[in-house]
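Here is the structure we will look at.
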Amino acid sequence: MQLTPLEIVRRESLQKLRELGINPYPAEEFKTTATINDILTKFDEFEGKEVILAGRMMSRRIMGKASFAELKDSSGRMQIYINRDEICNEDDATLYNTVFKKLLDMGDIIGIKGEVFKTKVGEESVNVKELTILSKSLKPLPVVKTDADGKVHDAFSDAEQRYRRRYVDLIVNDHVKETFIKRTKITNSMREFFNNRGYLEVETPILQPIPGGAAARPFITHHNTLDMPLYLRIANELYLKRLIVGGFDAVYEFAKDFRNEGMDRTHNPEFTVMELYVAYKDYNWMMKMTEDLLEKVAIDTNGTTEVQIGENKVSFKAPYPRVPILEAIKIHTGYDVAGMNEVELREVCKKVGIEVDETMGVGKLIDELFGEKCEHHYIQPTFITDYPKEMSPLTKEHRTNPALTERFELMVNGKELANAYSELNDPIDQKERFEDQLKLSEKGDDEAMFIDQDFIRALEYGMPPTSGIGIGIDRLTMFMTNNSSIQEVLFFPQMKPEKKAPTVELNDDEKAVFEILKKTEKIELSELKTQSGLSNKKWDKTMKGLTKHKLAKVNNTDEGLFVEITS
RNA sequence: GACCUGGUAGCUCAGUUGGUAGAGCACCUCCCUUUUAAGGAGGUGGUCCUGGGUUCGAGCCCCAGCCCGGUCACCA
C-alpha cells in the first residue's frame, strides 16, 4: 500500500520518538483526574488547581517557545498552553523543541498534567507541566476550523467518507456524536419507562426457521450442522406473543430486524424496532401508553416536548388526535369509501389520479389512497386507526365493524412511526388469515406472510387479549435529532464495499516484458522495447507498471539506457 | 432496478474553445513566550474514480464500468 507524503512524515516521527526512548504506544494506565467538561462547567472550582487530562490533540498554534493546542476528550474540547520552560529543565529542551514541536501531530493522543488558568484574552486553559504521549496517529485528520462567529470552515462533509470512516466523522464533527448520544438517551428513556411499569425486557431468536410477523423479503442463510435454511428475522412479533401465551404479562424487545429490500434515506437493510406486548389491554389503551411514552422520551432527549423536524415544529405533548383511516380518506379526497367493493374503490383511485392494477385488493387500494393522498398531511403526531382487515392479518377484528381491524399507526411528520394492534388471539381466525395470505402468495404476492404452524399451536393453548406495538427506533431517532437520513442515526450504515485494492498482479503485457527481462537480467531499453513488440502507449504504460511494482528499473549509464530486474 | 448530479492534493473546492494540473487549510524548513480560522518568509505534495476510444495532444469530448448522493420504483 502506497503511503502518502503526510503518512511518511508521521512514520518517521514515530521512529524518531522510539530513538529518543519514548514509547509511542505505552501500556500503562494513564490516570486522569478530571474531564474537560468538568473544568469548563465548574471553572471557578478548578482555577489554579492541578489536573491530569487525556485526549486527542486537535490543533496546534506554535509561537516559538510557547504554544497553544486544542485537546479533545470524550466530554469536550479545551485549550492547553505549553511553555518550553514549564515542561523542560534548563539544559535539555528536547521535550518541547523536538518532541512537541516536531514529532507530535494533530490527532495524536496525549496526556497532560498542569494547572487550570485563564489566558490574557480570557480563554479557559491548562498550563502544561508534564506531557505524555499515549498514542501516535499515523493518518492525518481532516482539518476543520471554526471561526470567531462559530462558522465552520472546510467541514469534513463528504457523505461517503463520513459513513465509511465513521470514526473520523466522530472525531472531527462534534454534532455527529451528539446524535448518537441522543439515540442512546431515547432507548434508555424507553427502558426506564417500561421497567418502571414492571415490563420484562427479553431476547428472541434472530435466526428463524420461518420469518414471520411482517410481510417482507427476508435474508436467508444456512446452518451447516442442521443442514437447513434459516432466515434473519423480519420481525419478532410472533415470538413475543408466544411469551404472552407463556404467562408473561408484558414483554418488550429492542430488536434488530433485517429486510432484503431497497435502500434509501429511510431504509437500511438492518434496522431497530422496539416491540412491546401487554396482556389484557387493547389498542385504545396502547394509544394512551404511546402518548405517555413519547412525551417522556421527547423531554428526556431534548428537554422539551417541542421538536424541530425539518421545517416543521412538532409537539409530542399528549394527547394526539385519533382519526379512522376511512375518515382521513374522506377528509383529504372527498370520497367516502366505507363499504365500497374492489371495483368501486378502483374507480375512486382512478378519479384521484392513483395508478391501479388488477392484483390490488380492497386493502391495498385503501392503503394506496391513504399513502398517496393523506399520509403527508399528518405532521403533528396523529393516530390513524381502524385499518381494513385484509391489510392486517395479525390484528383482531374491529369490535363494531367486521370489515375493519383494531389497528393504529402513529403518523409523525407525514411518516409512520409506530404500528399497533389489538392482537388477534383467535387461533381459528388466525389460521384463516394466514391461509388468505397463502392465497395472495399463490396469486404472485411474494411478500405475503408464511404460515407459522407453531404460532397457531401456541394460540390454541390460549393467549390473553393483548395489545402490541412496534416503534421504529431509527425513525424516532431521526425525528428527535432532526435528521432526514437514516444513515445519520446509524453508526455504520450499510455501504457497498470500497473499490478493491489495486491488484499486485501483472497484466499480460507486463508479464511478457518481465519474462524477457528474466532471461537477460539486463538489456538495453530500445532493444527490450523492440522485443516486446508493444506500441508506444502500451510500452510506456507497461514499463511504468513494472517500475511501480518495483520489479524493474531503468538505469541511465554512460553506455546508454538499460533496464534490469530489481531483486 | 430506472433516471439525474457528482468523483481533481490529507480536507474543502476551483479548473476558461481540448494545449505543461491550481487555491485555502494541513504538511515540511525558518522566525516568533498568553494565541485562537494566530501571524510572517520560503517550500513539498496529484492513479484528475477505473478501463477503452477520438485527437498531434484529454481533468475537460465519446463509450463502458465502479462508488457516493438525490428522485422514483420497491418496501402495509
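Scope of the values below: all heavy atoms of this structure, side chains included, with no hydrogens, waters or symmetry mates. Convention: sequence-line order gives letters A, B, ...; per-chain numbering from 1.
Across all strands shown, M106(A) has no heavy atoms under 4.0 Å from either base or sugar-phosphate atoms. Residue-level contact check: P393(A) touches the bases, meaning some heavy atom is under 4.0 Å from a base atom. Residue contacts shown for F117(A) include a base, since a base heavy atom lies under 4.0 Å away. Across all strands, E12(A) comes closer than 4.0 Å to no nucleic acid atom at all (heavy-atom distances). Within 4.0 Å of D367(A), counting heavy atoms only, lie sugar-phosphate atoms of the nucleic acid but no base atom. Within the 4.0 angstrom heavy-atom criterion, only backbone atoms of the sugar-phosphate kind lie near K102(A); the bases stay farther away.
Following rounding to the nearest Å, Q79(A) (CD) and A38(B) (P) show an atom-to-atom distance of 10 Å. Going from atom NZ of K101(A) over to atom C1' of A38(B) covers 15 Å, rounded to whole Å. Between M57(A) atom CE and U35(B) atom C1' the separation is 15 Å, expressed in whole Å. When rounded to the nearest whole Å, the span between OH of Y81(A) and C1' of A38(B) equals 14 Å. The separation between D147(A) atom CG and A37(B) atom C1' is 6 Å, rounded to whole Å. Remark: P of C27(B) and CG of L3(A) are 18 Å apart, rounded to the nearest angstrom. In this structure, I62(A) atom CD1 and G39(B) atom P are separated by 13 Å, rounded to whole Å. Straight-line distance from the CG atom of D257(A) to the P atom of C75(B): 18 Å, rounded to whole Å.
For the C1' atom pair drawn from C11(B) and A76(B), the interatomic distance equals 44 Å after rounding to whole Å. Across G1(B) and U44(B), the matching C1' atoms stand 47 Å from one another, rounded to whole Å. Between C66(B) and C28(B), the two P atoms lie 40 Å apart (nearest whole Å). Across A73(B) and A58(B), the matching C1' atoms stand 37 Å from one another, rounded to whole Å. U29(B) and G45(B) are spaced 15 Å apart, taking the C1' atom of each and rounding to whole Å. Rounded to the nearest Å, the gap between the P atom of A38(B) and that of G24(B) is 16 Å. Atom P of G52(B) sits at a distance of 14 Å from the matching atom of G59(B), rounded to the whole Å. Atom P of C30(B) sits at a distance of 24 Å from the matching atom of U35(B), rounded to the whole Å.
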Applying side-chain hydrogen bond (donor to acceptor under 3.5 Å, both in side chains) to Q15(A) and R10(A), what does each step give before you reach the verdict?
CA-CA 9 Å; Q15(A) 186 53 35; R10(A) 287 179 177 228; over 6 Å; no
Salt bridge (charged side-chain N to carboxylate O under 4.0 Å, His left out) between K396(A) and D429(A), worked out:
CA-CA 9 Å; K396(A) 189 175 278 193; D429(A) 190 356; over 6 Å; no
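In this structure, the nucleotide among C68(B), A37(B), U35(B) sitting nearest to the side chain of R164(A) is C68(B). Checked against U29(B), C27(B), A26(B), the side chain of R60(A) finds its nearest nucleotide in C27(B). Listed nucleotides: G69(B), U35(B), U34(B). Nearest to the side chain of E123(A): U35(B). Between U34(B), C74(B), U33(B), one nucleotide has an atom nearer to the side chain of R84(A) than all others, and that is U33(B). Comparing U35(B), A37(B), U33(B) by their nearest atom to the side chain of K65(A) picks out U33(B).
Annotation: cation-pi pair R60(A)/F100(A) present, NZ/CZ under 6.0 Å from the ring centroid and within 45° of its normal. For the pair R166(A) and F491(A), the cation-pi test (distance below 6.0 Å, angle within 45°) is failed.
Below the 3.5 angstrom threshold, one finds no donor paired with an acceptor across the side chain of E70(A) and the base of U36(B).
Neither OP1 nor OP2 of U35(B) sits under 4.0 Å from any side-chain N or O of R61(A). OP1 or OP2 of A38(B) sits under 4.0 Å from a side-chain N or O of K145(A). The side chain of R265(A) contributes an N or O atom lying less than 4.0 Å from OP1 or OP2 of U71(B).
Nearest-nucleotide positions on RNA chain B for R259(A) and S485(A) put S485(A) closer to the 5' end. Nucleotides of RNA chain B nearest to A159(A) and R10(A) differ in position, and the one nearer the 5' end is that of R10(A).
Without hydrogens or angle criteria, K113(A) side chain to E50(A) main chain gives no donor-acceptor distance under 3.5 Å. The backbone N or O of E416(A) lies less than 3.5 Å from a partner atom in the side chain of R475(A), making a donor-acceptor pair. Not one N or O on the side chain of Q161(A) forms a donor-acceptor pair closer than 3.5 Å with the backbone of D169(A).
Under the Watson-Crick and G-U wobble criteria, each requiring two contacts below 3.5 Å, nucleotide U16(B) is left unpaired. Nucleotide G69(B): paired with C4(B) (Watson-Crick or G-U wobble, both distances less than 3.5 Å). When both distances must be under 3.5 Å, the Watson-Crick or G-U wobble mate of U29(B) is A41(B).
Scored by the salt bridge (charged side-chain N to carboxylate O under 4.0 Å, His left out) test, R322(A) finds E291(A) as partners (sequence neighbours excluded). For E115(A), there are no salt bridge (charged side-chain N to carboxylate O under 4.0 Å, His left out) partners two or more places apart in sequence or in a different chain.
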Polar atom pairs between nucleotides 6-12 of chain B and protein, under 3.5 Å, N or O only, would you list them?
| residue | atom | partner | partner atom | Å |
| --- | --- | --- | --- | --- |
| U12(B) | OP1 | D158(A) | N | 3.3 |

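The aromatic rings of F434(A) and F455(A) lie perpendicular to each other, with more than 60° between the two planes, well past the 30° mark.
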